Amino acid sequence: MSGSGSGDDAGEPSGKLAELLKLLKMNGNDVAKLTQSQRKEMKDYKFWKTQPVATFDEPISEEGPIDRKKTPDEISSEPFPLLAEFEWCTMDVNDKSQVEDIFVLLNENYVEDRDASFRFKYTREFFNWSLKPPGWKKDWHVGVRVRSTGKLVAFISAIPVNLSVRGNVIKSVEINFLCVHKQLRGKRLAPVLIKEITRRVNKCDIWFALYTSGTVLPSPVSVCRYTHRPLNWNKLLDVGFVQLPPGASKPQMVANYTLPKGPTTKGLRPLKPEDVEQAHSLFEKYQRRFDLVQEFSKEEFSHWFLGGSEQMHATPDTKVIYSYVVENEHGKITDFFSFYSLPFTILNNSVHKELGIGYLFYYASDADLIYNNRFDPKATSALKERLSQLINDACILARNAKMDVFNALTSQDNALFLEKLKFGPGDGFLNFYLFNYRAFPITGGIQDDQDYDVKKRSNVGVVML
Ligand SMILES: CCCCCCCCCCCCCC(=O)SCCNC(=O)CCNC(=O)[C@H](O)C(C)(C)COP(=O)(O)OP(=O)(O)OC[C@H]1O[C@@H](n2cnc3c(N)ncnc32)[C@H](O)[C@@H]1OP(=O)(O)O
């Protein structure tokens, strides 16, 4: 496992898995860029120092917008100029061949391990879900093509979100899937893409954005750590994703990670359209505890957790989002959790073609809602017990859906159950950024020594894909 030593005595994912997971959402293939120590001096951020973002270690006395208030009329109607050999294109994600262009670009250039043995397996269904939430705009799926051949060589996307930062609601976008073809790296195309999406979003009278990256930029409002829970340890070993720790035997490792055959929570069942009213209301109540949240309308809740009619009739191959509720004997929904699937394709392996990966998404529980303070010891213990049970079931359901590893961040209340449920800390850190909005730091669920912060947990209540 690069960057974390070869010893793997906790049986955590190591080698290729760790490397790939670490590369997720980070810049290029430069693993070192993940570390905080790699942050440059502000003057060396040639692009970012020109943008309305907080600088490192800037003393913040008040939260709020950075730029003066503007109107869309002040924003140019013309796209940013590109070199003559390239042209802008607005991607139509309803068009099969254009979605394919996006996933070929991302699958081949977004994230990969060093020997190119694994790739993210983005699918049409994944993009239908992630790029087309309520209010999505075609204009915000921005590509760059080579003029002479039409080849798609860069992409960036925005989706609309209502963010709430410590109770202040901010009409914003989430930026994701920024990607420049490997052969065009280091040519300052990324800043042009960022400026162009900013222009298009500003034209719609939106001035703020949320984005995440493994890369350290000025200046994170929070940092969370990736964690990984092996579900199919033997397969992870077969494909070189974990190593056998010295002194341990394979059966011991398998036994350590073995989960019950089926979920154990009474009343647990998949989320149905008729649950949206109740589940949404529970979710809203639960989310109030966090400092950074996305406010979901009922329509958005349905989209993100039911995934639309396509997802409701999905086969295991096309299913992206998995959502469950717990209904008690009085018909009340007491808990909710969700996870999504984004597998890797395994290249050059005669036995295994794909690695299933589940990502913990949002959840809510009424376990501690009767307490005013979530950090009250009784509230903590009630929530810890309930979440441990629920997320253990999420792991079981993910394993039954053929996922081989289950990932979670240290965001939300996750620090309460990560260790107990055998999620090993990864090497990867995810930085959260706000564009044009200054905010006090938000806890990310890790201590100074980067261990899980069980005491403070996290106040990050957003999960980005
Ligand atoms: C109101 C609306 C606002 C909307 C916009 C809000 C902001 C959104 C911001 C975007 C959120 C994206 C969220 C995600 O999708 S995070 C996922 C990012 N994608 C990948 O990691 C995929 C693999 N890597 C690549 O495709 C390229 O390496 C990328 C495209 C990342 C950079 O291409 P390249 O390697 O060829 O570099 P360059 O020569 O063109 O440009 C160099 C400049 O770019 C700065 N850079 C490098 N990486 C990132 C990064 N991840 N976020 C922001 N900036 C980044 C870098 O510091 C330098 O600036 P400065 O150091 O000189 O200042």
Side-chain angles (χ1 to χ4, degrees), residues 20 22-31 33-34 38-56 65-67 69-70 72 75 80 82-83 86 102 105-113 119-120 122 130-131 137 139-144 152-161 163 170-221 428-437 464-465:
L20 261 168
K22 190 167 53 173
L23 284 164
L24 180 70
K25 295 205 183 236
M26 68 169 288
N27 180 18
N29 291 332
D30 186 355
V31 173
K33 281 196 180 154
L34 265 175
Q38 286 296 307
R39 93 183 188 192
K40 299 188 278 194
E41 275 189 54
M42 200 58 209
K43 67 171 172 41
D44 297 325
Y45 284 95
K46 297 265 180 299
F47 166 64
W48 280 108
K49 73 178 178 192
T50 67
Q51 298 299 299
V53 291
T55 55
F56 296 114
I66 294 173
D67 248 357
K69 201 166 161 26
K70 292 184 193 156
I75 304 300
F80 272 84
L82 278 176
L83 288 175
F86 301 112
I102 303 175
L105 174 75
L106 292 194
N107 287 345
E108 292 177 2
N109 299 278
Y110 199 54
V111 177
E112 71 176 29
D113 68 310
R119 280 186 193 149
F120 276 92
Y122 286 107
S130 58
L131 292 177
K137 286 191 174 25
D139 201 38
W140 294 353
H141 300 152
V142 185
V144 172
L152 186 72
V153 289
F155 183 71
I156 192 165
S157 68
I159 53 168
V161 288
L163 287 182
I170 311 161
K171 201 174 162 200
S172 310
V173 290
E174 266 180 24
I175 303 290
N176 210 339
F177 307 117
L178 165 63
C179 185
V180 167
H181 194 283
K182 279 186 220 159
Q183 285 167 352
L184 293 173
R185 296 273 165 88
K187 298 187 190 309
R188 314 299 299 177
L189 192 50
V192 183
L193 284 159
I194 295 168
K195 284 191 278 190
E196 176 59 11
I197 196 111
T198 304
R199 187 190 69 80
R200 293 182 185 208
V201 169
N202 286 167
K203 270 287 175 204
C204 299
D205 203 11
I206 298 176
W207 307 90
F208 308 100
L210 171 70
Y211 50 103
T212 53
S213 174
T215 315
V216 178
L217 306 166
S219 168
V221 65
F429 292 85
L430 189 64
N431 301 289
F432 287 72
Y433 300 97
L434 291 168
F435 184 88
N436 192 24
Y437 199 87
M464 300 250 324
L465 303 179

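All of these numbers come straight from a predicted model, not from anything done at the bench. Just follow the structure's listing: the first ligand is 1, and inside any ligand the first atom is 1.
Minimum interatomic distance between Cys204 and Trp140 (heavy atoms only, all atoms of both residues): SG-CZ2, 3.8 Å. Heavy-atom minimum distance, Thr50 versus Phe47: OG1-O, 2.5 Å. Of all non-hydrogen atoms in Asn109 and Lys182, the two that sit nearest each other are OD1-N, 3.0 Å. Across every non-hydrogen atom of Val192 and Leu82, the tightest pair is CG1-CD2, 3.9 Å.
When non-hydrogen atoms are compared, ligand 1 lies under 4.0 Å from the backbone of Val180 as well as from its side chain.
Every N/O-N/O distance between Thr198 and ligand 1 stays at or above 3.5 Å. Distances between N or O atoms of Phe435 and those of ligand 1 include no value under 3.5 Å. Below 3.5 Å of separation, one finds an N or O of Ala190 facing an N or O of ligand 1. For a threshold of 3.5 Å applied to N or O pairs, the pair formed by Leu178 and ligand 1 contains at least one separation below that value. For ligand 1, the polar-atom distance check against Cys179 finds no nitrogen or oxygen pair separated by under 3.5 Å. Checked against a 3.5 angstrom limit, the closest N/O atoms of Ile175 and ligand 1 fall outside it.
With sequence neighbours left out, the ring pair (Phe, Tyr, Trp, His ring centres under 6.0 Å) criterion links Trp48 to Tyr211. Judged as a side chain to side chain donor-acceptor pair (under 3.5 Å), and not counting sequence neighbours, Glu174 has no contacts.
The nearest non-hydrogen atom to atom 54 (N) of ligand 1, considering only Phe208, Tyr211, Phe155, Trp48, comes from Trp48. Residue nearest to atom 27 (C) of ligand 1, selected from Arg199, Arg200, Arg185: Arg185 (by heavy-atom distance). Checking Ile194, Thr215, Leu217 against atom 52 (N) of ligand 1, the nearest heavy atom belongs to Leu217. Remark: among candidates Lys46, Arg188, Glu174, Glu196, the nearest residue to atom 58 (C) of ligand 1 is Arg188, based on non-hydrogen atoms. Scanning Ala209, Pro191, Ser213, Ser157 for the heavy atom closest to atom 51 (N) of ligand 1 points to Ser213.
Within the model, atoms OG of Ser157 and CD1 of Ile197 stand 6.5 Å from one another, a figure rounded to the nearest 0.5 Å. If you take CG on Leu189 and CZ on Phe86, they are separated by 6.5 Å, rounding to the nearest 0.5 Å. Within the model, atoms CG of Leu152 and SG of Cys179 stand 8.5 Å from one another, a figure rounded to the nearest 0.5 Å.
Checked by atom type and distance alone, the side chain of Tyr433 pairs as donor or acceptor with a backbone atom of Leu217 at under 3.5 Å. Put simply, the side chain of Lys171 never gets that close to the backbone of Ile206: no donor and acceptor are under 3.5 Å apart. The main-chain N or O of Phe208 is never found under 3.5 Å from a side-chain atom of Asn436 such that the two would form a donor-acceptor pair.
For ligand 1 and Asn202, the ligand atoms under 4.0 Å from any heavy atom of the residue are 1 (C). For ligand 1 and Leu189, the ligand atoms under 4.0 Å from any heavy atom of the residue are 40 (O). Remark: ligand 1 atoms within the under-4.0 Å shell around heavy atoms of Gly186 are 34 (P), 36 (O), 39 (O). Numbered from 1 in the order shown, with element, the atoms of ligand 1 that lie under 4.0 Å from a heavy atom of Trp207 read 1 (C). Of all atoms in ligand 1, numbered sequentially from 1 with element shown, those under 4.0 Å from a heavy atom of Asn109 are 23 (C).
Residue Lys40 places a heavy atom less than 4.0 Å from ligand 1. For the ligand labelled ligand 1, residue Thr212 lies inside the 4.0 Å heavy-atom shell.
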